[in-house]
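Since the structure comes first, as structure tokens, the remarks are kept for the end.
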Amino acid sequence: MSSKTQNKLKLTPKPRVMMSRFFVPLLILLGSLLYSWFWNCERKPECMSGEYAVQESDSSSESMAPAAEMPVAVEPDAEEEMTEAEEEELLFKPLDIYFQTANSDISRTPEIENFLATAKRYLAAHPDRKLSLIGHTDSDGSNTTNDRLSLERANVVKQLLVSEGFSENQLVTTGRGEREPKGPNDSPEGKALNRRVTIGLTQ
């Protein structure tokens with residue numbers, strides 16, 4: 001074999017060497033891609049599926065917690081905002097309490113509840129003041145009967161208020177019978193308006 005042919009054989013690379021030259025860079029490239037994915041999706045906090053992303057959202061919610069726990073200002077009730085003059089204006093204006101049909105219980109409305117709550121607070125702060133309870137009836141029956149019935153009706157309201165915390169000494173009852181009608185006595189509706197107790201502060 002000539003020396004020229006031997007030199008050609010020496011210069012031709014072997015197949016194993018060629019594969020290693022191709023395979024090694026490929027492995028390096030794959031390794032770089034794998035590391036880049038691991039860094040972005042497993043370690044980097046900005047990755048939404050990563051562990052650090054959960055911790056970051058937790059910390060942000062914790063940082064907002066103090067704001068959520070700040071005490072909320074509660075507006076006082078309308079009754080608490082009333083001045084003494086406003087309370088007196090409300091209580092000096094007579095309010096009628098009606099009785100339920102065939103029952104000694106009174107018909108309670110939000111207006112009555114507000115009046116009674118204000119009266120209870122006002123009388124507790126002013127022991128020298130009194131609340132007047134005036135009973136009325138319709139025209140059915142004699143004057144004597146209606147006078148007695150109207151006073152009984154006022155006393156029913158008095159005992160009800162005493163049971164709710166009012167001072168008995170600050171409640172004055174009177175019976176006016178049928179003498180001060182609020183409605184006409186020639187209709188059931190008018191008679192119902194007359195079966196009442198009028199309450200208000202005494203002058």
About how many Å separate [atom2] of [Y] and [atom1] of [X], when rounded to the nearest 0.5 Å?
X    : Y    : atom1 : atom2 : value
N114 : T118 : CG    : OG1   : 4.5 Å
L201 : Q170 : CG    : CD    : 10.0 Å
D140 : N146 : CG    : CG    : 7.5 Å

Margin query: Holding to side chain to side chain donor-acceptor pair (under 3.5 Å), I want the full list of residues that pass it with E164, two or more places apart in sequence or in another chain.
Written below: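 R108.
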
Check: Who pairs with K130 by side chain to side chain donor-acceptor pair (under 3.5 Å), at least two apart in sequence or on another chain?
Finding: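 If we apply the side chain to side chain donor-acceptor pair (under 3.5 Å) test to K130, skipping adjacent residues, there are no hits.
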
Single-linkage hydrophobic cluster [X]~[Y], side-chain heavy atoms < 4.5 angstrom:
X    : Y    : answer
L171 : I97  : yes
I134 : L95  : no
L149 : I199 : no

Item checked: Sole candidate of T198, D96, N194 that passes side-chain hydrogen bond (donor to acceptor under 3.5 Å, both in side chains) when paired with K182 -> D96

Check: Where do T174 and A154 come nearest, in terms of heavy atoms and distance?
Finding: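 Closest approach of T174 to A154: O-CB, 3.8 Å.
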
Checklist line | Single hit among V172, L123, V157 for side-chain contact (heavy atoms from CB on, under 4.5 Å) with L131 | finding: L123

I'd like to know if the side chain of [X] reaches the main chain of [Y], judged simply by a donor and an acceptor atom lying under 3.5 Å from each other, with no hydrogens or angles considered.
X    : Y    : answer
S150 : R176 : yes
R195 : Y98  : no
N155 : L151 : yes

Next item on the list: May I have all residue pairs that pass ring-ring contact (aromatic ring centres under 6.0 Å, His included) and include part of residues 124-172, sequence neighbours excluded?
Entry: Y122-H126

Next item on the list: Could you please spell out the steps behind the side-chain contact (heavy atoms from CB on, under 4.5 Å) verdict for R153 and R196?
Entry: CA-CA 8 Å; R153 195 162 281 167; R196 71 196 190 278; over 6 Å; no

Checklist line | Stepwise side-chain contact (heavy atoms from CB on, under 4.5 Å) check, K120 with L161 | finding: CA-CA 9 Å; K120 184 177 180 180; L161 298 184; over 6 Å; no

Note to self: Can you confirm whether E87 sits close enough to L90 that some side-chain heavy atom of one is under 4.5 Å from a side-chain heavy atom of the other?
What the structure shows: no

Check: Do other residues, nucleotides or ligands put more than 12 heavy atoms under 6.0 Å from the CD atom of E152?
Finding: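 Count over threshold, so yes.
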
